[in-house]
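The block underneath contains the structure these notes are about, expressed in structure tokens.
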Amino acid sequence: MDKNFDSNKLWLKLMNLGRLTKCHQIPERSFFINGFQFPVCSRCTGVFFGWIAAICLIFFYKPNIFIVILFCLAMFLDWFLQSKNIIKCNNIRRFITGTLGGYALMSLYLKIIIYIIQFLISKF
């Protein structure tokens with residue numbers, strides 16, 4: 001079987017999966033590897049990377065609410081200033097601010113989940 005055909009088929013499946021995340025998948029705002037566009041844009045890639053980082057680091061470091069707000073604000077400001085054409089953004093900055101925002105939100109989600117679990121355990 002043609003190896004290139006398998007790569008194209010896998011890429012199409014990943015792109016369809018990326019659409020399910022509601023990412024816009026604009027090529028100019030996405031990373032490419034070997035001519036294949038990532039299934040999600042660079043900011044969404046960063047968000048997913050941030051989620052994974054938060055899950056891995058939650059047992060070693062729990063950011064306080066100030067850090068969470070600051071990281072989310074960084075992602076929002078990057079998006080807002082770009083959407084209003086105040087600054088021109090690039091994929092590296094989108095990835096970095098997406099990582100910060102994703103890390104912050106997942107850390108917050110995990111802190112809430114841990115709090116609920118601890119609360120439930122203390123009641124039983």
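- Following chains of ILVMFWY side-chain contacts shorter than 4.5 Å, one can reach Ile55 starting from Phe48, so the two form part of one hydrophobic cluster.
- Annotation: Tyr61, atom OH; neighbour count of heavy atoms from other residues, nucleotides and ligands within 6.0 Å is above 12.
- With hydrogens and angles disregarded, a donor-acceptor distance shorter than 3.5 Å links the side chain of Thr99 to the backbone of Gly46.
- Within the model, atoms CE of Met75 and CZ of Arg43 stand 7.5 Å from one another, a figure rounded to the nearest 0.5 Å.
- Judged as a salt bridge (charged side-chain N to carboxylate O under 4.0 Å, His left out), and not counting sequence neighbours, the contacts of Arg93 are Asp78.
- Under a 4.5 Å side-chain heavy-atom cut-off, the cluster of Ile, Leu, Val, Met, Phe, Trp and Tyr residues that includes Ile52 has no other member.
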Would Gln118 and Ile121 satisfy side chain to side chain contact (heavy atoms under 4.5 Å, CB included), going step by step from the backbone distance to the final call? CA-CA 5 Å; Gln118 289 173 339; Ile121 289 172; 5.7 Å; no

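- Screening residues 64-85 for ring-ring contact (aromatic ring centres under 6.0 Å, His included), with sequence neighbours left out, gives Phe76-Trp79, Phe76-Phe80.
- Hydrophobic clustering keeps Val47 apart from Leu20 (ILVMFWY residues linked when any side-chain heavy atoms are closer than 4.5 Å, directly or through intermediates).
- Between the CG atom of Leu77 and the SG atom of Cys72 there is a distance of 11.5 Å, given to the nearest 0.5 Å.
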Residues Trp11, Asn16; criterion side chain to side chain contact (heavy atoms under 4.5 Å, CB included); working and verdict: CA-CA 9 Å; Trp11 178 75; Asn16 287 330; over 6 Å; no

Donor-acceptor list for residues 100-116 side chains, cut-off 3.5 Å, not counting sequence neighbours:
from: Ser107; atom 1: OG; to: Tyr103; atom 2: O; distance (Å): 2.7
from: Lys111; atom 1: NZ; to: Pro63; atom 2: O; distance (Å): 2.7

Just list the side-chain donor-acceptor pairs under 3.5 Å for residues 27-39, sequence neighbours left out, or say none.
from: Ser30; atom 1: OG; to: Ile26; atom 2: O; distance (Å): 2.8
from: Ser30; atom 1: OG; to: Gln37; atom 2: NE2; distance (Å): 3.2
from: Gln37; atom 1: NE2; to: Gln25; atom 2: O; distance (Å): 2.8

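- Residues in residues 53-62 take part in no salt bridge (Lys or Arg N to Asp or Glu O under 4.0 Å) pair, two or more places apart or across chains.
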